[in-house]
Colleague: 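Sharing a structure with you now.
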Amino acid sequence: MPELPEVETTVRQIRPLLVGQRIGDVRVRWAGSIVGRQVAGLRRALIGSRIERVWRRGKFFVFDLCHELRGRSYLVGHLRMSGRLWIESEGRPHDRHARVEIVLEGDQRLVFADVRKFGRLCLTQRPNEILGCLGPEPLTPDFTRAWLARALSNRRRQIKPLLLDQTFLAGLGNIYTDEALFRARIHPLRLAHDVAPAASQRLTKSIRQVLAAAIRREGSSFDSYYRTPEGRSGRYQERLLVYGRTGQPCRRCGTTIQRIVVAQRGTHVCPRCQPTPPAGRCAGGRG
DNA sequence: AGCTACTCCTGGTAGC
DNA sequence: TGCTACCAGGAGTAGC
């Protein structure tokens, strides 16, 4: 599932092919991919616009657009579970999961494909209405040990659902949350305010490390859905320490990796490296 | 504030 | 082989 590393990889690969291009046409093959199903409005705004910038915030990708008559607008998108972006020749037969196609100059098109149809595109003049509520970016200087320690101390909430909350920290999903918690030796059910200072420091570092390493390997192709825009599988799944390793030995201590459910999400833990919080030090969920 | 349950979806797979 | 049933999961929302 696309998380920060997969979206970053996607943006890096499509950016050089998109910036400076003018949009010639837009084909919406499934209106549900457009927020509010405003297909006509989306087409009107996009056709004739030039793509000025392609960037990422959390798991969102953003195209800054400029139209000679209509001025500036922003296409903000989210890949959710199974969304993909790539650029291909207009001559190719369309992919059966293509939901939106944006026709560019030079006989090329940008394809937004999405098997499970959870992904969304939103055209807006005010991207901050979508992006403004996101927490800090974990790979920028505002994400520090001091910030995380203070933010955790304020929250009475299980650490895993907190890390998945995009308004708390932007970009982590199920895979990299499990990986970061394992590396920091924190059980996912531990209450945020109960994470020890040393563990909080390890967590800051492990979040940065796991995301940076995953970007270097172009993300994780854990299921068959994620491919880079250039058509390759990610290579970080080979490095995963707990995610998807239920029943296999922990790479650190050899104990069998367990799968539990936390906040309705499949969650992978090493019961020895990530000891279960004592009773009263974790809320709700089962171990 | 923070929990659970439900919704949106399809492809893959288990069971018969 | 072919059918049904169920599951995964990011994020939004409702209800408690």
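Just so we're on the same page: letters track the sequence lines, and every chain starts at 1. The basis for the numbers below is simple: all heavy atoms, side chains too, and nothing from hydrogens, waters or symmetry mates.
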Colleague: Connecting only ILVMFWY residues whose side-chain heavy atoms lie within less than 4.5 Å of each other, what is the rest of A:I257's hydrophobic cluster?
Modeller: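 A:F182, A:L241, A:V242, all in the cluster of A:I257.
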Colleague: Can you pull every protein N or O that's under 3.5 Å from an N or O on nucleotides 12-16 of chain C?
Modeller:
none

Colleague: Under a single-linkage rule joining Ile, Leu, Val, Met, Phe, Trp and Tyr whose side-chain heavy atoms are separated by less than 4.5 Å, which residues share a cluster with A:W86?
Modeller: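 Direct or chained contacts put A:W86 with A:V111.
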Colleague: Is the aromatic ring centre of A:F118 closer than 5.5 Å to the centre of the six-membered base ring of C:dA11, with the two planes inclined by less than 30°?
Modeller: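 A:F118 vs C:dA11: stacking no.
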Colleague: For A:R80, give me all partners under side chain to side chain contact (heavy atoms under 4.5 Å, CB included), at least two apart in sequence or on another chain.
Modeller: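 Testing A:R80 for side chain to side chain contact (heavy atoms under 4.5 Å, CB included), a comparison that skips the adjacent residues, returns A:H78, A:F118.
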Colleague: Tell me the salt bridge (Lys or Arg N to Asp or Glu O under 4.0 Å) pairs involving residues 64-74 of chain A, sequence neighbours left out?
Modeller: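 Listed once each, the pairs are A:R22-A:E68, A:E52-A:R72, A:R53-A:D64.
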Colleague: Among residues at least two apart in sequence or on other chains, which ones pass salt bridge (charged side-chain N to carboxylate O under 4.0 Å, His left out) with A:D95?
Modeller: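 In terms of salt bridge (charged side-chain N to carboxylate O under 4.0 Å, His left out), with neighbours along the sequence ignored, A:D95 is linked to no residue.
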Colleague: Just report the end-to-end axis angle for the helix from B:dG2-C:dC16 to B:dC16-C:dG2, five pairs per end, to 10 degrees.
Modeller: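 Axis angle across the helix from B:dG2-C:dC16 to B:dC16-C:dG2, nearest 10°: 50°.
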Colleague: Let's see if you can work this out: which of B:dA5, B:dG2, B:dC9 has an atom nearest to the side-chain heavy atoms of A:R156?
Modeller: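 That would be B:dG2.
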Colleague: Which hydrophobic side chains are connected to A:L164, either touching it within the sub-4.5 Å cutoff or through other members that do?
Modeller: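 When side chains under 4.5 Å apart are linked, A:L164 ends up in no cluster with other residues.
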Colleague: Under the side chain to side chain contact (heavy atoms under 4.5 Å, CB included) rule, collect the residues that match up with A:V35, sequence neighbours excluded.
Modeller: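 So A:V35 forms a side chain to side chain contact (heavy atoms under 4.5 Å, CB included) with A:R120, A:C122.
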Colleague: With sequence neighbours excluded, what pairs up with A:Y74 under the ring pair (Phe, Tyr, Trp, His ring centres under 6.0 Å) test?
Modeller: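 Checked A:Y74 against ring pair (Phe, Tyr, Trp, His ring centres under 6.0 Å); zero matches.
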Colleague: Quick one: ring pair (Phe, Tyr, Trp, His ring centres under 6.0 Å) partners of A:Y243, sequence neighbours excluded?
Modeller: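 Testing A:Y243 for ring pair (Phe, Tyr, Trp, His ring centres under 6.0 Å), a comparison that skips the adjacent residues, returns A:F222, A:H268.
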Colleague: Which nucleotide in the list C:dG9, B:dT10, B:dG2 gets nearest to the side chain of A:R155?
Modeller: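 Side chain of A:R155 sits closest to B:dG2.
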Colleague: Which of residues 127-137 of chain A have a heavy atom under 4.0 Å from DNA chain C?
Modeller: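 Of all residues in residues 127-137 of chain A, none places a heavy atom under 4.0 Å from DNA chain C.
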